[in-house]
Amino acid sequence: MSDPVIRIRGLRKMYGPHTALDGVDLDIGSGGIGILGPNGSGKSTLFKCILGLIRITEGGGTVLGKDIVTMGPQIRSRIGYMAEYDSLDPGLTAVDHVRYAGELLGMRPDQATQRAHEVLQYVGLEDQRYRTIDSFSTGMRQATKLACAIVHDPEILFCDEPTNGLDTSARQFMLDTLRRTISDGGGTVIMTSHVMEDIQGVCERVVMLSGGKIVLEGRIDELARQITREIEISVWGKATKLEEWLLTRGHRVRRMGRIMRVEMNGDETIPAILLGASETNAQVRVLKEYEPDLEDIFLLIMQRLGKEAKGASAIIGGREE
Amino acid sequence: MIESDGAASLGEARIEAAYGSGDGDDDSSATVARPMQGKIFEQIYRPWNGPLGPRWVRNYAIYRHHVYGIVSGSGHRRYHPFVRLLLLVVILGSMTPILMLLLSTMVSDDATGFLNRMWGVNRYNLWGNVLGYFPRNLCMWPLLTALVVGGLISDDRRNGTSAIYFSRPVSRLDYAAMKWLSAASVLAIVILLTYMMYYSAAVVFKGEGWSFIADTIPIFIGGLFAGIFLVFTYTSIGIALSSISTSRFTASISFLGYILGSKLIAWLIEIQFNTTYVYMVSPYDCLAHVGQWLVGLPSNYDHPLALSVISLVAMNAASLAIFASRVASLEVTRE
């Protein structure tokens with residue numbers, strides 16, 4: 001990883017007796033980073049701490065070399081934040097809204113106006129920029145929020161659920177835009193999303209939170225490699241019998257209708273599947289090695305975590321006892 | 001996407017086409033736009049390295065956004081045309097004494113004449129220009145405050161626009177101070193500026209000398225302070241009510257209900273039980289009581305002035321405390 005732009009050490013945040021973040025250590029470099037976690041895992045609290053918006057109970061850290069405890073305003077002038085929920089004034093036009101967002105960062109009105117036109121062109125709203133926000137679709141609103149966040153060309157861009165409520169084409173455009181922002185802008189994009197495919201499409205690395213702790217951190221491709229490999233089969237007829245046959249012989253099976261994934265156990269797994277199919281008269285029409293994606297990693301980890309967070313090493317690559 | 005060179009973007013090409021400003025020796029061929037190459041949108045990330053201004057620049061942006069919106073149709077905070085129309089009506093209405101002063105001058109009304117007694121400069125009229133109940137404090141100032149201040153914070157709560165402030169280097173103190181100041185400025189322009197115009201017009205129209213100014217300036221300043229207290233109090237109460245609501249209508253109607261309702265209840269109790277102590281709950285009456293003392297008028301109230309002062313301080317303190325606490329709870333991220 002390149003030099004970290006965000007360095008957090010022993011970060012602890014308590015709301016009364018409730019621990020929202022519990023000793024978080026985190027280094028984030030440039031590129032795309034996805035923050036994952038179930039509701040209440042501490043993602044938003046982590047964002048607030050990094051933005052310097054709330055008082056930290058214990059620990060600390062730096063963002064772009066600035067202390068998160070004492071230099072919140074300086075940090076916020078160098079980062080962009082795209083909120084998850086609607087945060088636009090419906091009575092303003094897109095260009096006025098983005099211009100105002102720039103002025104709130106300290107831009108001169110003429111600079112902010114010029115920059116508003118540039119970023120609205122970048123997010124695909126060049127022709128719509130004089131329309132008021134209340135006439136915008138969800139996709140256009142999301143694009144306007146993104147334009148507000150990048151109006152000053154921030155070094156770090158925080159995107160909270162950037163594809164929320166978007167249709168397929170708008171979602172694809174948003175993801176393309178974020179990818180381009182990383183590649184052309186050269187900065188860091190930190191995004192949260194409940195759609196793992198979106199995170200995988202934009203980010204190289206992922207940080208997973210649960211119960212206020214980091215339970216997983218690393219490159220997505222490396223994490224996927226650490227997951228136990230599976231054979232995916234498509235079964236027509238007698239699928240339940242085949243599943244039972246495999247389970248009784250000690251194989252681990254995940255089934256979704258006619259699709260079954262059987263945990264790979266050396267070279268014996270494929271012959272065992274074929275033997276099982278032969279004995280149960282099940283038709284195996286497709287048999288291939290399954291490539292796990294981020295969603296598999298997330299589901300597997302959440303399944304293995306149960307309610308209690310453990311160390312990442314105990315989760316990835318190890319069998320649950 | 002069609003690329004444009006510097007000349008075209010500066011309009012030189014169009015000037016050339018319209019007026020033939022070239023030397024005539026150029027190649028006599030028409031310049032036509034290049035056809036589209038099948039690409040209608042080219043996404044280009046443009047970096048920006050400009051300077052960002054200090055804290056006062058950001059604060060002034062907030063202030064300007066809210067104040068300019070009153071007079072500007074676009075580009076700043078949007079005020080409903082009805083609000084802007086009402087503002088104009090209130091300004092014109094509060095300037096009517098100036099017209100009457102002009103009329104008084106034109107008809108050679110002397111110092112004891114009817115027009116001069118009704119609209120000339122004296123203790124009662126200076127007090128009445130700011131604190132007179134009808135029409136100013138029944139119809140004009142409360143309605144103006146309700147419409148200007150009502151949506152100031154409640155709109156941010158409803159639309160989630162507080163995020164655009166707090167995700168940027170704007171502190172909650174700056175946000176609250178600039179919102180309060182912009183609302184107070186609008187009220188001050190209407191209430192205090194017209195008051196000052198009235199006094200200046202009286203001096204100019206009547207051709208008054210230094211002795212008149214020396215005699216009346218303490219009364220004028222007393223009235224000015226009463227106006228400042230009124231602007232401060234109405235803004236604080238209005239913005240506190242706006243901060244606890246997500247609807248500008250609720251905030252506005254609550255403000256009107258409080259200002260006019262407390263006065264009405266106190267008046268009903270006064271005529272029933274012959275006591276003025278309940279006027280302490282009415283912001284208008286507390287201000288009027290203090291204002292009467294400031295301009296040297298006999299008091300209409302039986303209770304001591306100190307109680308009205310204490311009540312005013314308590315109202316302002318409570319309003320600002322509510323406002324501060326609600327601004328502190330505004331969210332940037334949402335679970």
Side-chain angles (χ1 to χ4, degrees), chain A residues 39-40 43-45 47-48 51 53 72-77 79-93 95-97 99-101 103-109 111-112 115 118-119 121-124 126 132 148-153 158 160 176-177 180-181 183-186, chain B residues 1 40-66 68-69 72-80 151 155-175 178 248 328 330-335:
Chain A
N39 290 337
K43 299 190 296 290
S44 295
T45 306
F47 268 24
K48 284 181 193 173
L51 292 167
L53 289 169
Q74 289 92 326
I75 291 170
R76 292 197 295 279
S77 66
I79 60 129
Y81 177 69
M82 181 183 170
E84 173 195 354
Y85 60 95
D86 224 2
S87 54
L88 303 169
D89 186 338
L92 288 180
T93 62
V95 72
D96 286 336
H97 208 295
R99 178 184 54 77
Y100 186 46
E103 286 178 14
L104 289 175
L105 286 152
M107 285 180 171
R108 288 201 322 260
Q111 286 177 331
R115 187 64 186 160
E118 285 177 11
V119 291
Q121 191 277 338
Y122 176 67
V123 301
E126 188 177 23
T132 52
C148 289
I150 61 173
V151 66
H152 58 310
D153 188 16
F158 288 86
D160 209 350
D176 287 344
T177 304
R180 186 180 285 270
T181 307
S183 61
D184 297 1
Chain B
M1 187 179 184
I40 58 169
F41 172 64
E42 189 176 1
Q43 195 175 29
I44 304 165
Y45 187 88
R46 290 184 172 85
W48 188 79
N49 293 310
L52 293 176
R55 183 179 179 184
W56 74 264
V57 174
R58 300 190 293 266
N59 289 350
Y60 180 57
I62 301 173
Y63 179 80
R64 193 178 55 227
H65 180 70
H66 291 88
Y68 281 18
S72 167
S74 65
H76 301 281
R77 183 174 189 270
R78 188 172 169 271
Y79 289 88
H80 194 279
D155 283 357
D156 282 346
R157 295 194 88 92
R158 188 187 58 205
N159 301 322
T161 35
S162 54
I164 69 164
Y165 295 96
F166 302 139
S167 62
R168 287 173 174 72
V170 175
S171 70
R172 284 169 199 266
L173 174 68
D174 290 351
Y175 168 85
M178 288 303 115
R248 62 168 66 178
L330 283 170
E331 280 285 356
V332 178
T333 58
R334 193 175 284 173
E335 290 287 342

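These numbers come from a predicted model, not from an experiment. Lettering of chains follows the sequences in order, A, B, ..., and the numbering in each one begins at 1. What you see below is based on every heavy atom in this structure, not just the backbone, and it leaves out hydrogens, waters and symmetry mates.
Contact of A/R108 with chain B is not made at all, since no heavy-atom distance falls under 4.5 Å. Only the side chain of A/L92 comes within contact range of chain B, judged by heavy atoms closer than 4.5 Å. Neither the backbone nor the side chain of B/R158 has a heavy atom closer than 4.5 Å to any heavy atom of chain A. For A/Q111, the part sitting under 4.5 Å from any heavy atom of chain B is the side chain, from C-beta outward, and nothing else.
A heavy-atom distance below 4.5 Å is found between the side chains of A/Q121 and B/R46. Side-chain contact between B/L52 and A/M107 is present, with at least one heavy-atom pair separated by less than 4.5 Å. Proximity of A/P109 to B/R64: side-chain heavy atoms (C-beta onward) are separated by under 4.5 Å at one or more points. In this structure the side chain of B/R78 never reaches within 4.5 angstrom of the side chain of A/D96, judged on heavy atoms. A 4.5 Å side-chain heavy-atom check between B/N159 and A/Y85 finds every atom pair outside the cut-off.
Looking only at heavy-atom pairs under 4.5 Å with chain B, the residue among A/E118, A/H97, A/H152, A/R115 that has the most is A/R115. Highest contact tally toward chain B, considering only A/G185, A/S183, A/A83, A/A112, is held by A/G185 [criterion: heavy-atom pairs under 4.5 Å]. The most heavy-atom pairs under 4.5 Å with chain A, out of B/Y60, B/W56, B/F166, come from B/F166.
Shown are A/D176, A/D184, A/T177; of these, the side chain to side chain donor-acceptor pair (under 3.5 Å) with B/Q43 is made only by A/T177. When each of A/C148, A/S77, A/P73 is tested with B/R168 by the rule side chain to side chain contact (heavy atoms under 4.5 Å, CB included), just one qualifies, namely A/C148.
Residues B/P169 and A/L105 share a closest heavy-atom pair of CD-CD2, 3.7 Å. Nearest approach of B/V170 to A/L104, heavy atoms of both residues: CG2-O, 3.8 Å.
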- Message: Checking A/V151 against B/W48 for the side-chain contact (heavy atoms from CB on, under 4.5 Å) test, could you report, in this order, the C-alpha distance in whole Å, the side-chain angles of both residues, the deciding distance, and whether it holds?
- Response: CA-CA 8 Å; A/V151 66; B/W48 188 79; over 6 Å; no
- Intermediate values then yes/no, side-chain contact (heavy atoms from CB on, under 4.5 Å), A/Y81 and B/I164: CA-CA 9 Å; A/Y81 177 69; B/I164 69 164; over 6 Å; no
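The aromatic rings of A/Y122 and B/Y45 stand perpendicular to each other, their planes meeting at an angle above 60°, with 30° marking the opposite boundary.
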